[in-house]
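Read the structure below first, then the notes.
All residue numbers in this chain count up from 1 along the given sequence.
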Amino acid sequence: MTRGGKKKAEFEKIKSEFISVASHKMRSPLSAIKWYAESLLAGDAGKLTEDQKCFVQQIFLSNRRLINLIDDLLRVARVERGAIEIKHQKVNLDLIVREIIRKTKNEARRKKIKLGYSGGKAEINGDADKIKQIFFNLLDNAIKYNSVGGKVDIGIAKDKNNYLCEVSDSGIGIPRNEQKMIFTKFFRAYNIVTMNTEGNGLSLYLAKAYIESHGGKIWLESAPGKGSRFYFTLPIKQ
């Protein structure tokens, strides 16, 4: 490695360690704020007026977004340190997809988005938590960047050695010249940034890292105004 390469590697290591330590330190007070906000909403400190409930609800939601960001930064720090730990166990992909659909159905219902799923018995040897995160990140994006009244489909098919998983949507799509950057940290496509949506540009980066840590790969097909299709493979045996 060249001298410049060593300096860059050292800088990246220091940066990753700083993000990890800072994120851990911030999570504790944020968790305390979350607990107090939940207690206020539950009426533990007395009955709130409607205006007070509205204000506390906004505090709670903003706090939850910060905690989600902190959790993603901690995951990124582990990825960059090469510290992704895969807990090998039997994982039922069908049950995981159904669980993630349940978690996201309220947001889909709010946007009048129809969720479709085609799959069946599908088991691999892998890490259940990380596979849940993969499906959640892809499905959450498919709903978030979709049109009102749109559609999202999830599919799982099997070949000899892998399961091929697909998450497709009828949303805004991704410009072709930006697709090669879509899996990099903090990247958000231009047409997505112009939308009034929340996002930190980490969900696809993490999904790709977790898929590759299982020996799989991820790719997409997309065009502006025609939606996106994300495909990824997960080896049946690790």
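Looking at Ser170 and Asn146, their side chains do bring a donor and an acceptor atom within 3.5 Å of each other. Defined by atom type and a distance below 3.5 Å, a donor-acceptor pair is missing between the side-chain atoms of Gln133 and Asp129.
For Ser31, the side chain to side chain contact (heavy atoms under 4.5 Å, CB included) partners are Arg27, not counting sequence neighbours. Under the side chain to side chain contact (heavy atoms under 4.5 Å, CB included) criterion, Lys132 pairs with Ile96, Glu99, Ile100, not counting sequence neighbours. Applying the ring pair (Phe, Tyr, Trp, His ring centres under 6.0 Å) test to Tyr117 and every residue at least two apart in sequence or in another chain returns nothing. Scored by the side chain to side chain contact (heavy atoms under 4.5 Å, CB included) test, Ile211 finds Ile134, Ile218, Phe232 as partners (sequence neighbours excluded). When the side chain to side chain contact (heavy atoms under 4.5 Å, CB included) test is applied to Tyr36, no partner is found at least two apart in sequence or on another chain. With sequence neighbours excluded, no residue forms a salt bridge (charged side-chain N to carboxylate O under 4.0 Å, His left out) with Lys158. Not counting sequence neighbours, Arg64 has no partner by the salt bridge (charged side-chain N to carboxylate O under 4.0 Å, His left out) test. Partners of Arg102 under the salt bridge (charged side-chain N to carboxylate O under 4.0 Å, His left out) rule, at least two apart in sequence or in another chain, do not exist in this structure.
Using a 4.5 Å cut-off between side-chain heavy atoms of Ile, Leu, Val, Met, Phe, Trp and Tyr, with links allowed through other members, Val91 and Ile101 fall into the same hydrophobic cluster. Note on Val148: it does not cluster hydrophobically with Ile113, by side-chain heavy-atom contacts below 4.5 Å among ILVMFWY residues. Ile143 and Leu220 fall within a single hydrophobic cluster, where Ile, Leu, Val, Met, Phe, Trp and Tyr side chains are chained together by heavy-atom contacts under 4.5 Å. Hydrophobic clustering places Leu139 together with Phe136 (ILVMFWY residues linked when any side-chain heavy atoms are closer than 4.5 Å, directly or through intermediates). By the rule that hydrophobic residues join a cluster once side-chain heavy atoms approach within less than 4.5 Å of another member, Met181 and Val79 end up as members of one cluster.
When atom types are taken as modelled, the side chain of Gln179 and the backbone of Ile174 share a donor-acceptor pair closer than 3.5 angstrom. Ser147 contributes no side-chain N or O that, together with a main-chain N or O of Gly171, makes up a donor-acceptor pair within less than 3.5 Å. Checked by atom type and distance alone, the side chain of His214 pairs as donor or acceptor with a backbone atom of Asp127 at under 3.5 Å. A donor-acceptor distance shorter than 3.5 angstrom exists from the side chain of Asn63 to the backbone of Leu30, with no hydrogens or angles considered. Looking at Ser62, its side chain never comes within 3.5 Å of a backbone N or O of Ile59 through a donor-acceptor pair.
Closest approach of Pro175 and Pro224 over heavy atoms only: CA-CG, 3.8 Å. When all heavy atoms of Gly216 and Pro235 are compared, the pair lying nearest together is N-CD, 3.9 Å. Closest approach of Ile156 and Cys165 over heavy atoms only: CG1-SG, 4.3 Å. Taking every heavy atom of both residues into account, Ala122 and Tyr163 meet most closely at CA-OH, 3.4 Å. The two residues Asn141 and Ser203 make their nearest non-hydrogen contact at ND2-OG, 3.0 Å. Nearest heavy-atom pair across Lys105 and Leu115 is CA-CD1, 4.3 Å.
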**Request:** Apply the test side-chain contact (heavy atoms from CB on, under 4.5 Å) to residues Ile236 and Asn125: give CA-CA distance (whole Å), side-chain angles for both, the deciding distance (0.1 Å), then the verdict.
**Result:** CA-CA 6 Å; Ile236 295 171; Asn125 183 28; over 6 Å; no
**Asked** Checking side-chain contact (heavy atoms from CB on, under 4.5 Å) for the pair Lys34/Ile67: CA distance, chi angles, key distance, verdict?
**Response** CA-CA 9 Å; Lys34 178 175 179 284; Ile67 289 176; 3.8 Å; yes
**Request:** Before giving the answer on side-chain contact (heavy atoms from CB on, under 4.5 Å), spell out for Leu234 and Asn162 the whole-Å C-alpha distance, their side-chain angles and the decisive distance to 0.1 Å.
**Result:** CA-CA 5 Å; Leu234 291 172; Asn162 302 282; over 6 Å; no
**Request:** Begin with the C-alpha distance, continue with both residues' side-chain angles, and end with the deciding distance and a verdict on side-chain contact (heavy atoms from CB on, under 4.5 Å) for Phe60 and Glu38.
**Result:** CA-CA 7 Å; Phe60 174 79; Glu38 287 177 329; 3.4 Å; yes
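Counting only residues at least two apart or on different chains, no salt bridge (Lys or Arg N to Asp or Glu O under 4.0 Å) pair has a member in residues 112-121. Pairs of residues two or more places apart, or lying in two chains, that qualify as salt bridge (Lys or Arg N to Asp or Glu O under 4.0 Å) and include a residue from residues 201-217 are Lys208-Glu212.
Summarising the geometry, atom NZ belonging to Lys130 is positioned 7.0 Å from atom OG belonging to Ser213; distances are rounded to the nearest 0.5 Å. To the nearest 0.5 Å, atoms CD (Gln89) and CD (Glu123) are separated by 11.5 Å. Put simply, OG1 on Thr104 and NZ on Lys144 are 12.0 Å apart, with the number rounded to the nearest 0.5 Å.
When side chains are defined from C-beta on, Asp153 does not count as touching Asp169, because their heavy atoms never get closer than 4.5 Å. Here the side chains of Arg75 and Tyr210 are in contact, with some heavy-atom distance below 4.5 Å. Counting heavy atoms from C-beta on, the side chains of Thr184 and Tyr205 never come closer than 4.5 Å.
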Would you list the atom pairs, donor with acceptor, under 3.5 Å between side chains in residues 41-57 and any protein atom, with sequence neighbours excluded?
from	atom 1	to	atom 2	distance (Å)
Thr49	OG1	Gln52	N	3.1
Thr49	OG1	Gln52	OE1	3.4
Gln52	OE1	Thr49	N	2.8

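Cluster partners of Leu164 are Trp219, Tyr231, counting Ile, Leu, Val, Met, Phe, Trp and Tyr whose side-chain heavy atoms approach within less than 4.5 Å, directly or via other members.
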